[in-house]
Amino acid sequence: ITISCIGAYLVGKHMEGLMVITLYEIGKILEEKAINKTRKSISDLMDIKPEYANLKTKDGIEVLDPSDVKVGDIVIAKKGEKIPLDGIVVKGTGSLDTASLTGETKTQDVKKDDQVLSGSIVLDGLLEIKVTEKYENSTVSKILELVENATDKKAKTETFVNKAAKIYTPIVLGIAALVAIFLPLISNVEYLTENGSIYRALIFLVISCPCAIAISVPLCYFSGIGKSSKEGILIKGSDYLDGIKDIKEIVFDKTGTLTKGQFTIDKVEVYGQLTKEQVLEYAVLGESYSNHPIAKSIIKKSNMEKYIAEHKEKVSSYEELAGKGIKYNFEGKVVLVGNSSLVEKEKEKSDSTKIYVKVDSEIVGAICLKDEIKHGTKAAIAKLNARGIITKMFTGDNTEIAEKIAKELGIKEVKSEMLPNEKYQELEKEIAKYENNGKVAFVGDGINDSPVLARADIGISMGGVGAGSSIEASDVVIMTDAIEKINDAIDISKKTSRVIKQNLIFSIGVKVLVLVLSIFGVANMWEAVFADVGATLITVLNSIKILK
């Protein structure tokens, strides 16, 4: 553009040179406005950051920065305030607006012992909340970090455009020089006339400016990420947004992913001399240290918080065994709480999930749990199947339960009773089937899903019930925990890809047409300006429609 404007002045085309600069600057201003519009969808999400926390102390309430509050502290959230940190309600009832976190407009009613997430707004009531996570590990902090990081990551297509510029610019300058020097030698065109070879070379340079491509490709990805975040889908980078459309197979975890992960205690079986209550006491003591959905459900449904509070300090040597259960010492006894593999019991057929309790060398009983399928999951799986995407289930649960759930949901293939390393190995086999012909996604929520989420081409985690490690290992986080959001993400990915292709075809097509016309002397500087600034503006406006 700079060379063209100087050249236009030198060949006497002062007004055209001035218009190139003016229109180019107008184009830049409008592009900036368009980019700011897409950025707004991201900045809206930043509003969820709580500015302060009301810490309850012996002397009253102290207003602190959320990062200064410790785990175990009690904070108070009043009507109209944002909950500053993740925690559990210890006093009060209220109604929360969680739209900023989940994308859902419906309110959430909370009471004592309910878990609440930072960034939620208290619509009604007064809540006393016991903090369970430091600010840097809280939901709101992780969301902000994901979104900020997402916009920094480059997609392969975008990187290609940037790299191509290093080759493209000297080639274009070289062709322009050839047109300026050699065109008069092969035709009747002169060097410095009104439509001479130098003037045509300058037009060629204006048209060749790749602004439309360089701006529209990253803007499309940015718009796609912005649209996803508004829908409660956090995509960690444009690489993953680009890859979602190529998913050929999705492997699901079961508990907390396809099902609610909120088990109800169906019954307590006793095998030894202990009572049902004693079996339950051993189970809840160990599970009180775990964040697994099953553990949380057992504690919630047992109504034994008082017993836990009185005896928790007597627990020692606590250990979580991934894919099996937990182990701890209590009053000189070694207690195991987990599946049949952990307690070395032969697998038995059952339509409920059994959590066995083993004290020293004796299996004293089992807690039978039942889980519910999440609302909307069946329809979401049906839609994925209709798209031609293969759906599978990898779970650590027993075969009978896994097959029953899979049949109900329309999932064709199930692998059950798997340990984390077995899930990883099986997923690698699935990925190897496709090589470069498609992508394999894994959807999970637990700590034990972290390795497979990281290994999958596209790792998708559940942001609401998911463990921090699984959210960190994944590429996409669904804040609503709703499987149907995967279909929404695929639609956004396909729309983004479609708009990128439209932009590339249009901008390259216009440039090639005007380039040919300029060499033959048909196009002047005005057409060149349109081919550059006009095409850029049209592709920018086309990119914005992704947000609608």
For this session: Apply side-chain contact (heavy atoms from CB on, under 4.5 Å) to the pair Leu384 and Phe252, showing each step before the final yes or no.
Result: CA-CA 12 Å; Leu384 289 170; Phe252 293 94; 3.8 Å; yes
For this session: Would you please test Ile492 and Glu231 for side-chain contact (heavy atoms from CB on, under 4.5 Å) and show each step?
Result: CA-CA 10 Å; Ile492 293 168; Glu231 296 291 330; 4.3 Å; yes
For this session: With side chain to side chain donor-acceptor pair (under 3.5 Å) as the test, would you mind laying out the steps for Glu417 and Asn339 before giving the verdict?
Result: CA-CA 9 Å; Glu417 301 176 14; Asn339 58 24; over 6 Å; no
For this session: Start with the C-alpha gap between Ser120 and Asp97, add the side-chain angles, then the distance that decides, and say whether side chain to side chain donor-acceptor pair (under 3.5 Å) holds.
Result: CA-CA 6 Å; Ser120 304; Asp97 175 2; over 6 Å; no
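Contact annotation: the side chain of Ile250 approaches that of Ile486 to within less than 4.5 Å [non-hydrogen atoms, C-beta and beyond]. Under the 4.5 Å side-chain criterion, counting only non-hydrogen atoms from C-beta, Thr496 is not in contact with Asp242. By the 4.5 Å heavy-atom criterion applied to side chains, Val315 and Val335 are not counted as neighbours. Lys134 has its side chain within reach of Val71: a pair of non-hydrogen atoms, C-beta onward, lies under 4.5 Å apart. The closest side-chain heavy-atom distance from Leu127 to Ile76 is not below 4.5 Å.
A side-chain donor from one of Tyr318 and Glu320 sits under 3.5 Å from a side-chain acceptor of the other. In the model, Tyr52 has no side-chain atom that pairs as donor or acceptor with a side-chain atom of Asp65 under 3.5 Å. With no hydrogens or angles considered, no side-chain donor-acceptor pair links Gln108 and Asp114 at under 3.5 Å. Looking only at atom types and distance, the side chain of Tyr271 has no donor-acceptor partner in the side chain of Glu362 under 3.5 Å away. Looking only at atom types and distance, the side chain of Glu319 has no donor-acceptor partner in the side chain of Tyr328 under 3.5 Å away.
A donor-acceptor pair under 3.5 Å links the side-chain atoms of Thr57 to the main chain of Gly60, judged by distance alone. Within the 3.5 Å criterion, the main-chain N or O of Val440 finds a donor-acceptor partner in the side chain of Asp457. Between the side chain of Asn487 and the backbone N or O of Ala380 there is at least one donor-acceptor pair closer than 3.5 Å. A donor-acceptor contact shorter than 3.5 Å links the side chain of Lys236 to the backbone of Ser474. Put simply, the side chain of Thr275 gets close to the backbone of Gln278: a donor and an acceptor are under 3.5 Å apart. Without hydrogens or angle criteria, Ser290 side chain to Glu287 main chain gives no donor-acceptor distance under 3.5 Å. Although no hydrogens or angles enter the test, the distance criterion places a donor-acceptor pair under 3.5 Å between the side chain of Asp86 and the main chain of Ser118. Remark: the backbone N or O of Asp481 is paired with a side-chain donor or acceptor of Lys374 at under 3.5 angstrom. Under the 3.5 Å distance criterion, the side-chain polar atoms of Lys324 are left unmatched by any main-chain donor or acceptor of Val337.
Ion pairing between a basic and an acidic side chain is recognised when a charged N comes within 4.0 Å of a carboxylate O; Glu269 and Lys276 show no such pairing. Ion pairing between a basic and an acidic side chain is recognised when a charged N comes within 4.0 Å of a carboxylate O; Arg387 and Asp491 show such pairing. Ion pairing between a basic and an acidic side chain is recognised when a charged N comes within 4.0 Å of a carboxylate O; Lys383 and Glu484 show no such pairing. Ionic pairing of Glu426 and Lys423 is not present here: no N-O contact between side-chain nitrogen and carboxylate oxygen is shorter than 4.0 angstrom. The existence of a salt bridge linking Glu408 and Lys378 is excluded, since no basic side-chain nitrogen approaches an acidic carboxylate oxygen closer than 4.0 Å.
Put simply, the residue from Ile381, Ile373, Asp253 that forms a side-chain contact (heavy atoms from CB on, under 4.5 Å) with Leu258 is Ile381.
Contact detail for Ala456 and Ile431: the closest heavy-atom pair is CA-CD1, 4.1 Å. The two residues Gly325 and Leu342 make their nearest non-hydrogen contact at CA-CD2, 4.0 Å. Minimum interatomic distance between Ile367 and Ala283 (heavy atoms only, all atoms of both residues): CD1-CB, 3.2 Å. The shortest non-hydrogen separation linking Val75 to Pro84 is CG2-CG, 4.2 Å. Minimum heavy-atom separation, Val364 to Val279: O-CG2, 3.7 Å. Shortest non-hydrogen contact noted between Asn329 and Ser317 is ND2-OG, 3.6 Å.
Here Thr395 contributes atom OG1 and Ile401 contributes atom CD1; the two are 8.5 Å apart, rounded to the nearest 0.5 Å.
Atom NZ of Lys111 has 12 or fewer neighbouring heavy atoms from other residues, nucleotides or ligands inside a 6.0 Å radius. Around atom CD of Gln273, no more than 12 heavy atoms belonging to other residues, nucleotides or ligands sit under 6.0 Å away. Around atom CD of Glu344, no more than 12 heavy atoms belonging to other residues, nucleotides or ligands sit under 6.0 Å away. Dense packing is recorded around CD of Glu305, with more than 12 heavy atoms of other residues, nucleotides or ligands lying under 6.0 Å away. Atom CD of Glu331 has more than 12 heavy atoms from other residues, nucleotides or ligands within 6.0 Å. By the neighbour-count criterion of 12 heavy atoms within 6.0 Å, atom NZ of Lys433 is densely surrounded, having more than that number from other residues, nucleotides or ligands. Counting heavy atoms of neighbouring residues, nucleotides and ligands inside a 6.0 Å radius, atom NZ of Lys130 does not exceed 12 of them. More than 12 heavy atoms of other residues, nucleotides or ligands sit less than 6.0 Å from atom NZ of Lys245.
Ring-plane geometry between Phe330 and Tyr282 is classed as perpendicular, the angle between the planes exceeding 60 degrees on a 0 to 90 degree scale with a lower cut at 30.
For the side-chain hydrogen bond (donor to acceptor under 3.5 Å, both in side chains) test, no residue two or more places apart in sequence or in another chain qualifies with Thr132. Annotation: side-chain hydrogen bond (donor to acceptor under 3.5 Å, both in side chains) contacts of Asp73 (sequence neighbours excluded): none.
Tyr289 carries Lys312 over the face of its six-membered ring, with the cationic atom under 6.0 Å from the centre and within 45° of the normal.
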